[in-house]
Amino acid sequence: MTHLWVRAEQRANEDRVGLTPEGVKALIAAGIHVTVEESKTRAIPLQGYIDAGAEIAPENSWPTAPLDAIIFGLKELPDDGTPLPHKHIMFGHAYKGQHSGKALLKRFKAGGGTLYDLEYLVDQAGRRVAAFGYWAGYAGAAVTLKAWAAQQRDALCGPVGVYPSKDALNAELLAELDALGPDRPRAIVIGALGRVGSGAADLCSAMGIEVTKWDMAETASGGPFPQILDHDLFLNCIFARPGTPVFVPANALTAPRNLTAIGDIACDPDSDYNPVPVYDRATTWDAPALRVADDPVMDVMAIDNLPSMLPVESSEDYAEQLLPSLLTLDDLSAGVWGRAEAEFKKHVTEV
C-alpha cells in the first residue's frame with residue numbers, strides 16, 4: 001500500500017501544509033495510507049486530520065519512518081548533512097544553480113533517496129500542476145509596499161508576521177498608506193500574466209495603486225529596461241532561469257531613478273541567473289527589507305516563504321490544486337511523478 005507521510009515543517013515562520021483533512025479523506029478512500037505528524041505551528045488544526053482518519057506521528061519523526069513511506073513537506077529539511085534514503089516531495093530549490101541545492105542533492109545521492117520537487121511537478125505541456133504563486137505575489141507586494149511606506153517615514157521596514165486572512169492584511173496596509181496621505185506610488189509588475197504577477201497586481205489594485213503590467217512580450221528585447229527605474233516600486237515575478245534578462249543591473253543603484261523599493265518575489269539571490277543582481281541574500285520576516293543604496297535610497301524585499309503570511313488561504317488553495325496528483329502516487333513512474341523523477345536523475349548525476 002502506498003504510504004504518504006506528511007511531515008511537520010521545521011522552518012521558522014512556516015505554518016503552511018500541502019494537504020488538508022479533506023484531502024486525507026480522498027487519499028484514504030483511494031487506498032493510500034496517510035500519516036500526519038503533529039505540529040506546533042501548522043495553520044490547519046490536527047484534529048481535522050484525526051477526524052479524517054490519518055495516522056498521527058510525533059513531530060519531526062519522519063527520519064525514522066518506514067523506508068517505503070513517501071515524505072511530504074513544503075520547505076527545506078534541516079541542513080544537517082545526513083543522507084536521505086526516503087522519497088521526498090518538497091520544494092528542493094536544487095536545479096537552478098543554487099549553491100545550497102547542490103548540498104541537498106549530495107544528501108539524496110548518499111542515501112539513495114529521490115526528490116520529487118514540487119516546482120517540477122508539471123503536466124504534459126510543462127505547466128506546473130500546483131503553485132503557491134498567487135499568494136506569494138499578493139503577500140510580496142504587500143511587504144514591498146510596507147518597505148516603501150517606511151521609507152516615507154525615513155525608516156526601514158519593521159518585522160512582518162502571519163495574518164489570519166487577506167482582509168486583515170489589507171486593512172492594516174490600507175491604514176498605513178492612508179496615514180501618509182492620498183498619494184500612492186507607481187508600481188511595475190514583471191510577469192504580470194502569471195500566478196505570482198496576478199497576485200501582486202491584485203494587491204496593488206486593492207490599495208489603489210497604478211500598476212504597469214509587463215510580461216514576456218515587453219521583456220523580449222533582453223534589456224536594458226530604463227522604464228523600470230521610472231516607477232517607485234518594481235515587483236519581480238519572473239523565476240530565474242537561463243536566458244532570463246537582467247531587469248535592474250547593479251549600476252542602477254547610482255543612476256537617476258524614481259525606483260526605491262524592489263520586491264523580488266521570485267527570490268533567487270544565489271542563482272547564477274538572478275535578474276535583480278543588486279543584492280546577494282534573502283531577507284527575513286524579522287528584517288524584511290535590505291537597504292542596498294542610500295543616495296538615492298533603495299530597499300529590496302526578498303522573503304522566500306511569502307505565502308506563509310497567509311497560511312490558511314494559501315494552504316487550502318495549494319492543496320486543492322495538488323490533490324489530483326497525490327491521488328496518482330501509486331504509480332511514481334508515470335505522469336507528473338515520472339517527469340519529476342527524471343528531472344531529479346538528470347541533476348543528481350551532476351553532483
Side-chain angles (χ1 to χ4, degrees), residues 91 93 95-98 117-145 185-206 209-252 255 257-259 261-279 300-304 306-307 317-318 321 336 339-340 343 346-347:
F91 286 104
H93 302 294
Y95 300 160
K96 294 187 291 185
Q98 301 99 323
D117 195 312
L118 288 163
E119 188 174 344
Y120 292 84
L121 295 186
V122 297
D123 61 19
Q124 290 180 319
R127 180 175 173 81
R128 288 173 64 179
V129 298
F132 283 103
Y134 180 87
W135 297 105
Y138 202 94
V143 180
T144 307
L145 262 175
R186 292 177 63 241
I188 181 169
V189 176
I190 296 186
L193 297 182
R195 291 166 169 155
V196 181
S198 295
D202 284 354
L203 181 282
C204 290
S205 296
I209 290 171
E210 178 186 344
V211 184
T212 300
K213 299 179 182 180
W214 279 14
D215 208 88
M216 292 179 66
E218 291 81 4
T219 60
S221 68
F225 303 106
Q227 304 95 318
I228 296 174
L229 303 184
D230 293 336
H231 294 76
D232 303 294
L233 309 176
F234 165 43
L235 301 171
N236 175 45
C237 303
I238 298 292
F239 288 100
R241 55 176 55 88
T244 301
V246 172
F247 297 133
V248 182
N251 61 15
R257 53 180 164 80
N258 294 325
L259 184 67
I262 296 173
D264 189 13
I265 298 170
C267 190
D268 262 326
D270 65 344
S271 170
D272 296 335
Y273 315 113
N274 179 13
V276 192
V278 298
Y279 77 110
V300 177
M301 185 291 307
I303 295 173
D304 63 2
L306 285 162
D317 182 20
Y318 186 81
Q321 297 174 55
V336 296
R339 287 186 283 273
E343 193 73 23
K346 180 175 70 175
H347 289 279

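- Here CG of Asp215 is found 9.5 Å from SG of Cys237. Values are rounded to the nearest 0.5 Å.
- Within the model, atoms CG of Leu193 and NZ of Lys213 stand 8.5 Å from one another, a figure rounded to the nearest 0.5 Å.
- In plain terms, the two heavy atoms of Ala340 and Leu121 that are nearest each other are CB-CD2, 3.6 Å.
- Of the possible donor and acceptor atoms, one in the side chain of Asn236 sits under 3.5 Å from a partner among the backbone N and O of Ile238.
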Decide side-chain contact (heavy atoms from CB on, under 4.5 Å) for Phe247 and Ile188; before the verdict, give the C-alpha distance in whole Å, the side-chain angles of both, and the deciding distance to 0.1 Å. CA-CA 11 Å; Phe247 297 133; Ile188 181 169; over 6 Å; no
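- Contact between Leu306 and Ala139 at its shortest, heavy atoms only, is O-CB, 3.5 Å.
- Between the CZ atom in Phe234 and the CG atom in Asp264 there is a gap of 7.5 Å [rounded to 0.5 Å].
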Check step by step if side-chain contact (heavy atoms from CB on, under 4.5 Å) holds for Arg128 and Val122. CA-CA 4 Å; Arg128 288 173 64 179; Val122 297; 4.1 Å; yes
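- The aromatic rings of His93 and Phe91 sit parallel, their planes meeting at an angle under 30°, below the 60° perpendicular limit.
- With Asp268 contributing its side chain and Asn274 its backbone, the two residues share no donor-acceptor pair below 3.5 Å.
- Across Ala141 and Ile265, no two heavy atoms sit closer than the pair N-CD1, 3.9 Å.
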Apply the test side-chain contact (heavy atoms from CB on, under 4.5 Å) to residues Asp117 and Glu343: give CA-CA distance (whole Å), side-chain angles for both, the deciding distance (0.1 Å), then the verdict. CA-CA 9 Å; Asp117 195 312; Glu343 193 73 23; over 6 Å; no
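- Residue pairs meeting the salt bridge (Lys or Arg N to Asp or Glu O under 4.0 Å) criterion with at least one member in residues 219-241, sequence neighbours excluded, do not occur.
- Taking each heavy atom of Ala261 and Thr144 in turn, the nearest pair found is CB-CG2, 4.1 Å.
- The closest side-chain heavy-atom distance from Val278 to Val300 is below 4.5 Å.
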Please step through side-chain contact (heavy atoms from CB on, under 4.5 Å) for the pair Phe225 and Ile190, ending with a clear verdict. CA-CA 11 Å; Phe225 303 106; Ile190 296 186; 5.8 Å; no
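- Pairs of residues two or more places apart, or lying in two chains, that qualify as side chain to side chain donor-acceptor pair (under 3.5 Å) and include a residue from residues 191-205 are Tyr134-Asp202.
- Of all heavy-atom pairs spanning Pro277 and Ala250, the tightest one is O-CB, 4.1 Å.
- At a threshold of 4.5 Å between non-hydrogen side-chain atoms, the residues Ile303 and Cys267 do not count as touching.
- In this structure, Gln227 CD and Trp214 CH2 are separated by 3.5 Å, a value rounded to the nearest 0.5 Å.
- Side-chain contact between Pro307 and Asp317: absent, with no pair of heavy atoms (C-beta onward) separated by less than 4.5 Å.
- For the atom pair OG1 of Thr244 and CG of Asp272, the computed distance is 12.0 Å after rounding to the nearest 0.5 Å.
- Minimum interatomic distance between Pro242 and Tyr273 (heavy atoms only, all atoms of both residues): CG-CZ, 3.6 Å.
- By the salt bridge (charged side-chain N to carboxylate O under 4.0 Å, His left out) test, Asp304 pairs with Arg11, sequence neighbours left out.
- Here the CG atom belonging to Leu145 is positioned 10.5 Å from the CE atom belonging to Met301, to the nearest 0.5 angstrom.
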